[in-house]
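Following: one structure in structure tokens, then a few remarks.
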Amino acid sequence: SLGAPADIDKLSLAEQAYVIQLKAELRQLEAKFANPLAEAVGKKRDAAPVGNAGPPEKKARRSTFGKKFQLVCETRHLKFADLCVQVVKKYSSQFGTCDLYVTDYTENRDIWYYAPPEEQDGKERDGDDYGYSKQPKRAWPGPYGWLVLKVNVKDPHGQLVNTKVDEGDFVLLRNVKMKIMAEGAKLEGDMWRDNDNPSKINVVKLLNQDKPEIQELITRKEKYWAKRLAQHPPQPNESTKPSKSEKKRQKKQKQQEERAKTAADAARVAERNKHVRCSNEEALLMSVKDILDLDNARHTNTLPNGTSYILPFVNTQYRTKAHVVDYEPKSLGDFAVPPIPDCNEEPSPIDAMEWDVSQKYEWYFSLCLEDPSPAKARTPAHADTVKPRMWVHVRHEDAQFLFGNDMDDPQDLRTSPHLLAKLREKLCILWGNLEEKGGEGEGVASNRPFECCVQEYGIELEEEDPERARVPFGYKKLFRLFGATIL
DNA sequence: GGTTACGGT
């Protein structure tokens, strides 16, 4: 954007500085009109400091650290700021100088972008074209994205940092001068000796975490990791070589699993609804109980610092064999609905004129699934043991797949008795006489378990939703049925 | 209310 290389060279330092400043200010403007804290932790309101403090650019926010306090997302080129941050990484060098990599889990697009592992294409092999050296660098521990600020710390501050500050510590960095060195470079912080006050040290190690700024930081941090780990569960690390005995054990376990799988395959074919076909035949079946993970065995994460917490959801797909014990809505006539208008989408004037949305219908219903009872246990004595139930949503596309090609597109079922009859016929194959029993399938005899795929996902609940307080980080775990077809 | 690089992220 600067023009031909020859012209770039002609730009004086002053001109370059001017360009940098303009760009930084442009960013500032953009940020003001977009999200104040952008996508660091998801949507806008996720990132707002807790306790109704409001967006950070509101001048009204007071900090216990004083008026110069800023979040990393607020810092700008050539401005001075007091930062309350956690140390992610520290590179010390001999001469009382050191590089601190810090974060408060707010996003600033002018700082260095740390690509998450899934974005790294492995091409940066660091002069090691053949990959001889196994791990050239220690993998970046995160956080990823535009969340980590580099601060160049010099004496006398460097003294203290070198000796007293460790990775993971919370620190207050006073009077950090922000700067972008050159066009294309990243926003960094500088802490140099104060010429008027040469012995003044502007680094304060914060020993307890009771400051509201630290509490808010930790909240953002947990939110970031919960979301990150839900969407990108850490891959089992191949580089850690298992020992010989460990390998043996793994092999044995694999054999056992395979044998169990073969047995399970035989058993599941023996008793399943053969009129329902399900894709991903090779995937292991998981019980409703295990998918629900009521004790959160698969939904607990432990951070590098040892604190653990419950993940609201994990982006995963399962395959299960279950039977339908209930459904929603209660009347089959309501299984097709006019599409819910997407509030986020600008209504297209063309759409509005061309056709009336109310003419269009979509499948939309939910099924309640339960693990099949073992054949022996189907006695009154065992019948009353409460089994976990899982509601799965059936969205339009998945319903079309479920009903197969011989099913017409949905319409208003109240005025299309033919389609309603066809729907009833299909569902009878799926759930037997459940509808006759009026839902709530207690002791539904003719209801054979069928196989289907289930996707776990999460949605963020509205601020006003009373349920929000009861789910981790405001996210609710939901399930969607897919991959099954009624033959 | 301010300059001091390199390389690395």
Side-chain angles (χ1 to χ4, degrees), chain A residues 12-21 24-25 40 66-70 72-83 85-128 133 135-159 161-162 165-168 173-203 224 228 304:
Chain A
S12 69
L13 281 176
E15 285 166 335
Q16 285 191 39
Y18 183 60
V19 170
I20 291 164
Q21 180 139 20
E25 277 166 11
K67 167 168 179 285
K68 236 197 279 195
F69 173 79
Q70 285 193 322
V72 170
C73 65
E74 301 169 289
T75 59
R76 306 294 163 206
H77 181 53
L78 299 183
K79 298 279 189 312
F80 290 81
D82 291 349
L83 306 171
V85 288
Q86 186 172 31
V87 177
V88 173
K89 216 157 183 29
K90 183 180 83 166
Y91 286 119
S92 300
S93 75
Q94 291 97 318
F95 311 106
T97 147
C98 93
D99 295 347
L100 267 189
Y101 293 80
V102 297
T103 182
D104 60 13
Y105 289 86
T106 69
E107 182 183 273
N108 189 319
R109 294 266 171 148
D110 287 331
I111 66 185
W112 181 269
Y113 179 80
Y114 287 87
E118 70 273 10
E119 276 176 30
Q120 283 164 14
D121 40 10
K123 70 182 161 74
E124 11 76 73
R125 216 180 261 159
D126 207 28
D128 180 21
S133 52
Q135 257 173 327
K137 288 163 233 155
R138 265 200 293 160
W140 182 252
Y144 306 104
W146 293 276
L147 292 179
V148 179
L149 175 74
K150 182 192 176 186
V151 183
N152 307 111
V153 187
K154 294 183 186 299
D155 269 344
H157 326 291
Q159 284 268 324
V161 173
N162 270 330
V165 174
D166 292 312
E167 290 168 11
L173 306 178
R174 284 217 185 269
N175 211 31
V176 180
K177 187 200 171 185
M178 304 302 298
K179 63 112 198 280
I180 300 174
M181 277 289 278
E183 171 67 9
K186 301 300 167 189
L187 183 66
E188 295 177 358
D190 277 333
M191 297 185 77
W192 289 341
R193 187 190 296 279
D194 183 342
N195 288 327
D196 301 331
N197 206 343
S199 59
K200 191 177 176 208
I201 295 180
N202 282 335
V203 176
Y224 167 83
R228 159 99 204 142

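Just so we're on the same page: letters track the sequence lines, and every chain starts at 1.
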Here the distance between atom P of B:dG1 and atom NZ of A:Lys68, to the nearest Å, is 10 Å
Of the candidates B:dG1, B:dT9, B:dA5, the side chain of A:Asn175 sits closest to B:dG1
Assert: residue with more 5' nearest nucleotide on DNA chain B, out of A:Lys154 and A:Lys186, is A:Lys154
On DNA chain B, more 5' by nearest nucleotide between A:Asp99 and A:Lys179 is A:Lys179
Taken in chain and number order and not counting sequence neighbours, the residues that satisfy side chain to side chain donor-acceptor pair (under 3.5 Å) with A:Asn175 are A:Lys68
* Base, sugar-phosphate, or nothing: which does A:Asp190 touch, judged by heavy atoms less than 4.0 Å apart? -> base
Margin query: Applying the 5.5 Å / 30° rule, does A:Phe80 stack onto the base of B:dG1?
Written below: yes
Here the distance between atom P of B:dT9 and atom CG of A:Leu149, to the nearest Å, is 17 Å
To the nearest angstrom, the CG-C1' distance between A:Asn152 and B:dT4 comes to 10 Å
To the nearest angstrom, the CH2-C1' distance between A:Trp140 and B:dG7 comes to 14 Å
Applying side chain to side chain donor-acceptor pair (under 3.5 Å) to A:Arg174 and not counting sequence neighbours gives A:Asp82
Going by an N to O cut-off under 4.0 Å, is there a salt bridge joining A:Asp99 and A:Lys90?
no
Separation of B:dA5 atom C1' from A:Glu188 atom CD, nearest Å, is 12 Å
Atom CD1 of A:Ile180 and atom P of B:dG2 are separated, to the nearest Å, by 19 Å
Whole-Å distance, A:Asp194 CG to B:dT4 P, equals 17 Å
ask   = Parallel, tilted or perpendicular: which describes the rings of A:Tyr114 and A:Trp140, with under 30° parallel and over 60° perpendicular?
value = parallel
A:Trp192 has its side chain closest, among B:dT9, B:dG1, B:dT4, to B:dT4
A:Met181 has its side chain closest, among B:dT4, B:dA5, B:dT9, to B:dA5
Rounded to whole Å, the CH2-P distance (A:Trp146 to B:dT9) equals 18 Å
Would you please classify the geometry between the A:Tyr105 ring and the A:Tyr224 ring as parallel, tilted or perpendicular, with 30° and 60° separating the classes?
tilted
> Just wondering, do A:Tyr114 and B:dT9 stack (centres under 5.5 Å, planes under 30°)?
Replying inline: no
